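These notes are about the structure you will find just below.
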Amino acid sequence: MTNSAQKEKIAIAGAGIAGLSAAIALRLAGHPVDIFEAEPKLQPFGAGIQIGPNATRILESWNVALLGTACEPENIEIHNARTGSLLNTVPLREAARARYGAPYVTVLRKDLQNALLSRARDLGAVPKYSSPVTGAEMTKDGFQVTAGGRPYTLDALIGADGIGSAVRKFAWGKKQPVSANAVAWRAILPITAVPEAARKNIGVWMATGGHFVHYPVSGGSSLNGVLVLDDDYRNDGEPDRNDPLPYLLHRLEGWAPQVRETVSSTKAWLPWQLRGLEKWDGGHGRVQCIGDAWHAMRPYLASGGVMAIEDGAALASVLSGKGSIEAKLARFREKRAARVWQVAERSALIGRIYHVAQPFDVVRDLAIKKSSPAKLLERNDWLYNTRV
Ligand SMILES: Cc1cc2nc3c(=O)[nH]c(=O)nc-3n(C[C@H](O)[C@H](O)[C@H](O)COP(=O)(O)OP(=O)(O)OC[C@H]3O[C@@H](n4cnc5c(N)ncnc54)[C@H](O)[C@@H]3O)c2cc1C
């Protein structure tokens, strides 16, 4: 660890993926860090998460011990969810390591957050729980952040407090998330919910108005399932959404029996209304948002959390440069803006392709079928090859 004496002291609001990543990167760069979390303890929402090589490369460089519980899926199997036909099989496990020099992993969120938390703690960044950040201002004593009702004098505030960010609200007011007009249903499924040959793979099933993804988690002992369906719930004679399985099976009428059977393997589906943020600067002066607080995006490229990890690495890198803290944070925005909004736009595009209406799905399926498997992976070089 380098000498912390002249390094800026940084306050971080939020101990999610973004906040813990920033804390690790900043501590490794020698910055004193205060990390404030609103909740009384770690609360990872959702079930599983995919992490591409652009972020596992960073986690490895930080010595975050992830690989014990994480899985490295062998292939991505892409299907038409109505006919059930397999369109293509994209090699992933060895191919990702060979092509990008880092693994593509799938993991439970709690395992990822525990690994990040444990590394942050080792480095001396212990979150202060039950300490919501509620304000920040320049005073005669310096830049003051209020957290848990107490003032702290630091050099800058990083808002890593998620899509509903209080930092964004008190610093910029109007920027509200917009609905993505889709609901993601999430559940942990028994590994036996898919045939043996599919258990080590990521399965993608596309249909007009929705798609279903499953992948192994917890060392391959279970599966994470995410079912995304367009449109907000309308109470127009459909089964009650509070009893998820009959509702979901109603919505999946016309989908292939394989998908319906896999979805039926549990009743414990939880809905997540998808929302995103439209393009904005993300920061000004001594306050900067990162992760979902800045650029919450649709999940179709599995990259919101990955961008939060990249943000942490990029932040520490710019703060190691010269100039005032304001100038360095402006450089952070210059460095990150094009990247995060490109990923957000591509994520939205992938959603449109996955959910495309008939008869355009025929064109989509043909293009996927005709492509060589290697080409389908290479198409994401722009995402996975980037080094922050
Ligand atoms: C269905 C779905 C699937 C997804 N799949 C993937 C995937 O496979 N791969 C991927 O990379 N991403 C995925 N994402 C996106 C990913 O989950 C998010 O981008 C990521 O969790 C954002 O992390 P964050 O730390 O920015 O925000 P959050 O995880 O929301 O963390 C914010 C933290 O701030 C705290 N907080 C809130 N207010 C305050 C306050 N005032 N003061 C202090 N603390 C506060 C909260 O309690 C929380 O702990 C998916 C998202 C969805 C919805």
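Whatever order the structure lists ligands and atoms in, that order sets their numbers, starting from 1. Every value quoted in this text rests on a predicted model; they were computed, and no experiment measured them.
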(request) Distance to 0.1 Å, residue and atom name: give those for the protein heavy atom nearest to atom 50 (C) of ligand 1. (result) R109 NH2, 3.4 Å
(request) Provide, to 0.1 Å, the distance between atom 9 (N) of ligand 1 and the closest protein heavy atom, together with that atom's residue and name. (result) Q50 O, 2.9 Å
(request) Could you name the option among R186, K169, M297 that has the heavy atom nearest to atom 51 (C) of ligand 1? (result) R186
(request) Return a yes/no value for A38: is any of its N or O atoms, backbone included, closer than 3.5 angstrom to an N or O of ligand 1? (result) yes
(request) Considering heavy atoms of the protein only, find what lies nearest to atom 47 (O) of ligand 1 and give residue, atom and distance to 0.1 Å. (result) E37 OE2, 2.5 Å
(request) Answer yes or no on whether R346 is positioned over the face of W382, meaning its NZ or CZ is under 6.0 Å from the six-membered ring centre and within 45° of the axis. (result) yes
(message) At less than 4.0 angstrom from any non-hydrogen atom of G291, what atoms of ligand 1 do you find?
(response) 26 (O)
(message) So, taking the atom named CD in Q176 and the one named CD1 in I163, what distance separates them when rounded to the nearest 0.5 Å?
(response) 10.0 Å
(request) From the options R150, K9, R27, K128, select the one residue that forms a salt bridge (charged side-chain N to carboxylate O under 4.0 Å, His left out) with D34. (result) K128
(request) In plain terms, say whether R333 and D281 are close enough for a salt bridge, that is, a side-chain N and a carboxylate O under 4.0 Å apart. (result) no
(request) For E39, take its heavy atoms, then give the atoms of ligand 1 lying under 4.0 Å from any of them. (result) 47 (O)
(request) Among all protein heavy atoms, pick out the one at the shortest distance from atom 42 (N) of ligand 1; state its residue, atom name and that distance to 0.1 Å. (result) V133 N, 2.9 Å
(message) Using a 3.5 Å cut-off on N or O atoms only, is A302 in polar contact with ligand 1?
(response) yes
(request) Check each of K328, K7, R331 against L319 using the side chain to side chain contact (heavy atoms under 4.5 Å, CB included) test, and report the only one that passes. (result) K328
(request) Identify, by atom number and element, the atoms of ligand 1 in contact range of L274, meaning under 4.0 Å from any of its heavy atoms. (result) 53 (C)
(request) Identify, by atom number and element, the atoms of ligand 1 in contact range of A160, meaning under 4.0 Å from any of its heavy atoms. (result) 32 (C), 33 (C), 34 (O)
(message) Quick one, V287 and F143 - any side-chain contact, counting heavy atoms below 4.5 Å?
(response) yes
(request) Taking only heavy atoms of A18 into account, list the atoms of ligand 1 that are under 4.0 Å away from them. (result) 24 (P), 25 (O), 26 (O)
(message) Please confirm whether M307 approaches ligand 1 to less than 4.0 Å, judged on its heavy atoms.
(response) no
(request) Look at atom 23 (O) of ligand 1 and say which protein heavy atom is nearest, naming residue and atom and giving the distance to 0.1 Å. (result) I17 CB, 4.1 Å
(request) For side-chain contact (heavy atoms from CB on, under 4.5 Å), just list the numbers for W172 and H284, CA-CA rounded to whole Å, side-chain angles, deciding distance to a tenth of an Å, and then say yes or no. (result) CA-CA 9 Å; W172 293 281; H284 181 71; 4.1 Å; yes
(request) Step through the shown structure and confirm whether more than 12 heavy atoms of other residues, nucleotides or ligands are within 6.0 Å of CD on E253. (result) yes
(message) Looking only at protein heavy atoms, which one is nearest to atom 12 (N) of ligand 1, and what is the separation?
(response) G305 N, 3.0 Å
(request) Could you list the atoms of ligand 1 found under 4.0 angstrom from a heavy atom of W272? (result) 53 (C)
(message) Between R336 and D311, is the salt bridge (charged side-chain N to carboxylate O under 4.0 Å, His left out) condition met? List the steps.
(response) CA-CA 7 Å; R336 291 297 291 155; D311 282 348; 2.8 Å; yes
(request) Assess R186 against W272: is NZ or CZ under 6.0 Å from the centre of the six-membered ring, and within 45 degrees of the ring's axis? (result) yes
(request) Indicate, as side chain, backbone, both or neither, the part of V167 found under 4.0 angstrom from ligand 1 when only non-hydrogen atoms are considered. (result) neither
(message) Tell me which one of Y300, W205, F212 satisfies ring pair (Phe, Tyr, Trp, His ring centres under 6.0 Å) with H355.
(response) Y300
(request) Identify the residue among N54, T386, N385, D381 that makes a side chain to side chain donor-acceptor pair (under 3.5 Å) with Y100. (result) D381
(message) Between E326 and R286, does any NZ, NE, NH1 or NH2 come within less than 4.0 Å of an OD or OE carboxylate oxygen?
(response) yes
(request) For ligand 1, note which part of A166 has a heavy atom under 4.0 Å away: side chain, backbone, both or neither. (result) side chain
(message) Checking a contact table here: which protein heavy atom is nearest atom 27 (O) of ligand 1, and how many Å away?
(response) G162 CA, 3.6 Å
(message) Would Y215 count as a polar contact of ligand 1, with the cut-off being nitrogen or oxygen pairs under 3.5 Å?
(response) no
(request) Check whether any N or O atom of I163, backbone or side chain, sits under 3.5 Å from an N or O atom of ligand 1, and answer yes or no. (result) no
(message) Are V362 and L366 packed together at the side-chain level, in the sense that at least one heavy-atom pair is separated by less than 4.5 angstrom?
(response) no
(message) Just to confirm my output: which protein heavy-atom neighbour is closest to atom 38 (N) of ligand 1, and how far is it?
(response) D161 CB, 3.5 Å
(request) Output the list of atoms in ligand 1 that are nearer than 4.0 Å to some heavy atom of G14, sorted by atom number. (result) 33 (C), 34 (O), 35 (C), 43 (C), 44 (N)
(request) Give the atoms of ligand 1, by number and element, whose distance to some non-hydrogen atom of A184 is under 4.0 Å. (result) 1 (C)
